[in-house]
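Presented below is the structure to which this report refers.
In what follows, chains are A, B, ... by sequence order, proteins preceding strands, each numbered from 1. Excluded from the calculations below are hydrogen atoms, water molecules and symmetry mates; all remaining heavy atoms, backbone and side chain alike, are included.
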Number of protein chains: 2
Amino acid sequence: MSGTERAVRARTRARPGEGQLLREEILLAAQTLLDEAGDESALTLRAVATRTGVSTPAVYRHFADKSALIAAVCMRVWETLGAVVREAIEAAADDPFQGLRHGAVAYMRFGLQHPVQYRLLMMGAPRPGEPGPQQEAAMACLRYLTEAVEPCVAAGVLRGDPQQIALRALATVHGCTALVIAHPYFPWPQDPDDFLDAAARTSGLGTAALGWLESEPREAAPTTAQYAEAFRDWAAALR
Amino acid sequence: MSGTERAVRARTRARPGEGQLLREEILLAAQTLLDEAGDESALTLRAVATRTGVSTPAVYRHFADKSALIAAVCMRVWETLGAVVREAIEAAADDPFQGLRHGAVAYMRFGLQHPVQYRLLMMGAPRPGEPGPQQEAAMACLRYLTEAVEPCVAAGVLRGDPQQIALRALATVHGCTALVIAHPYFPWPQDPDDFLDAAARTSGLGTAALGWLESEPREAAPTTAQYAEAFRDWAAALR
DNA sequence: CTGCGAGGTTGACGACGTCAAGTTGACAGT
DNA sequence: ACTGTCAACTTGACGTCGTCAACCTCGCAG
């Protein structure tokens, strides 16, 4: 059904040394296809090539195979996502705890606005073996988060290893985003922001409380009553 | 490369009225293929048919198309996952707050032990339109969680709409599971259970604290200092 | 004006999901 | 025992997919 798509315009062959131009056009066509169809199955080498006004195997001059093309698309998305989150965190730099919250909401909002791209990023098949540039980008994203957590630890709002705290925070925001995308029929609040904000606060509060609780190691898992006691200490220390 | 797989054994044709036998064997073969390959791309109609000792179109006598076969596999997984979680929750029924924690850990453990199946469940393409049996199963899973949250609300440990609380809890456990599966190279703790348990506690504590905080509505987002004050109230009320 | 290499095209292969048509064989009815 | 019927399957084909080998083609260096 999509096999009948025709070229948007005629292409003039790139001159030697300017092959990067086609690479750019291919990437653009791939992103456009994703956005239009809202379905990653529409991302076909043939469709991308046709849309670019070029024959299918021409793509192979610029990308090793289909997964390399997808990886390149993902890199673009990673960069955008990283920029959006960092911007949100820095916009509330005066209160690091609130900065984290804004970063989290920005992350989730981005995911919900670009569900197909987000699927590609986070729900693609896990690459076997070597840590390619894509893993590098994901690690960079985690690094941003860790750097945003560190001021909170320094200020005494959070306790524990900043990287582990960042991991749990990332898991929370990813969970919200992925769950809304994958199960839209769940009884979500009318305004998605309500859910995102509540989730971000839950994560922040829980992390703060847990850090306090863990700072005095216990033998067994604490009871609910012990949780309450730890909370009192936390609140008192923050006054 | 996988096209050369041969039948495991010769099949004797089912007698009229016993076609369900083949359906069962097909489902089994599909699950085996997933487990062996650890990759959902190995789940091919041809591979399933060959493994079952039958021609490819024979599958269509029992499943409308490939997605119907996948959906049937998912239903099996949903049932197992639901049973595992419910069992864990009921094992700690005396302290509902701890019951939730155990349910969460059980959920995540299941996902990490069956990553391919979990991907199929939660990361499949979102079905358009009508709420099929698969959405029904997901809703049932959410219902279990909601029922586990309700005693906590009744006991005063948590506050708010049980369903919304359950949604946030599900988002948290899903986020942990999905993130570990999709990004195994992240600096996770050596023992996965450490992460799972910390995440479950974080979510529980955060939800409890947030519920307390939200019970007296505010105009703007609370500051970090206000969070601390709310914590003190929570701890006092739980004594 | 000529060769050559970067930047493409053509045509084909095998694997995939899917369908239309034919085949087989266990049972019911006589 | 013979036959018809219908569920259960097989055969063969179509179109699409990713991928590859071989060929073409143009702009520029010599």
Flag, side chain of Arg51(B) to backbone of Ala29(B), donor-acceptor distance under 3.5 Å: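 No.
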
Donor-acceptor contact below 3.5 Å, side chain Arg119(B) vs main chain Gly124(A):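 Indeed, once roles are kept as given, a pair shorter than 3.5 Å links the two residues.
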
Asp35(A)-Gln117(A) side chain donor-acceptor pair, cut-off 3.5 Å: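 A pair is found: one side chain offers a donor N or O, the other an acceptor, under 3.5 Å apart.
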
Tyr107(B) side chain to His102(B) side chain, donor-acceptor N/O pair below 3.5 angstrom: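 Note: Tyr107(B) and His102(B) side chains miss the donor-acceptor criterion.
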
Quick one: [X] [atom1] to [N] [atom2], roughly how many Å, whole number?
| X | N | atom1 | atom2 | answer |
| --- | --- | --- | --- | --- |
| Glu24(B) | dA8(D) | CD | P | 15 Å |
| Lys66(A) | dA15(C) | NZ | P | 18 Å |
| Glu40(A) | dG18(D) | CD | P | 13 Å |
| Phe63(B) | dA8(D) | CZ | P | 13 Å |
| Asp65(A) | dC17(D) | CG | P | 17 Å |
| Arg23(B) | dA7(D) | CZ | P | 18 Å |
| Leu45(A) | dT16(D) | CG | C1' | 12 Å |
| Leu69(A) | dC17(D) | CG | P | 14 Å |

Geometric class of the His183(B)/Phe186(B) ring pair [parallel <30°, tilted 30-60°, perpendicular >60°]: parallel

Hey, does the side chain of [X] come within less than 4.0 Å of [N]'s phosphate (OP1/OP2), counting only N and O?
| X | N | answer |
| --- | --- | --- |
| Tyr60(A) | dT19(D) | yes |
| Thr44(B) | dC16(C) | yes |
| His62(B) | dA8(D) | no |

Closest-nucleotide ordering on DNA chain D, the 5'-leading residue of Pro57(B) and Leu43(A): Pro57(B)

Tabulate protein N/O versus nucleotide N/O from nucleotides 21-24 of chain C, keeping only pairs under 3.5 Å, one per line.
residue : atom : partner  : partner atom : Å
dT24(C) : O2   : Arg13(B) : NH2          : 2.7

Lys/Arg N to Asp/Glu carboxylate O, Arg76(B) vs Glu24(B), below 4.0 Å: yes

Full working for salt bridge (Lys or Arg N to Asp or Glu O under 4.0 Å) between Arg143(A) and Glu150(A): CA-CA 11 Å; Arg143(A) 216 157 19 240; Glu150(A) 277 161 356; over 6 Å; no

Closest-nucleotide ordering on DNA chain C, the 5'-leading residue of Arg46(A) and Thr56(A):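 Checking each residue's closest nucleotide, the 5'-ward one belongs to Thr56(A).
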
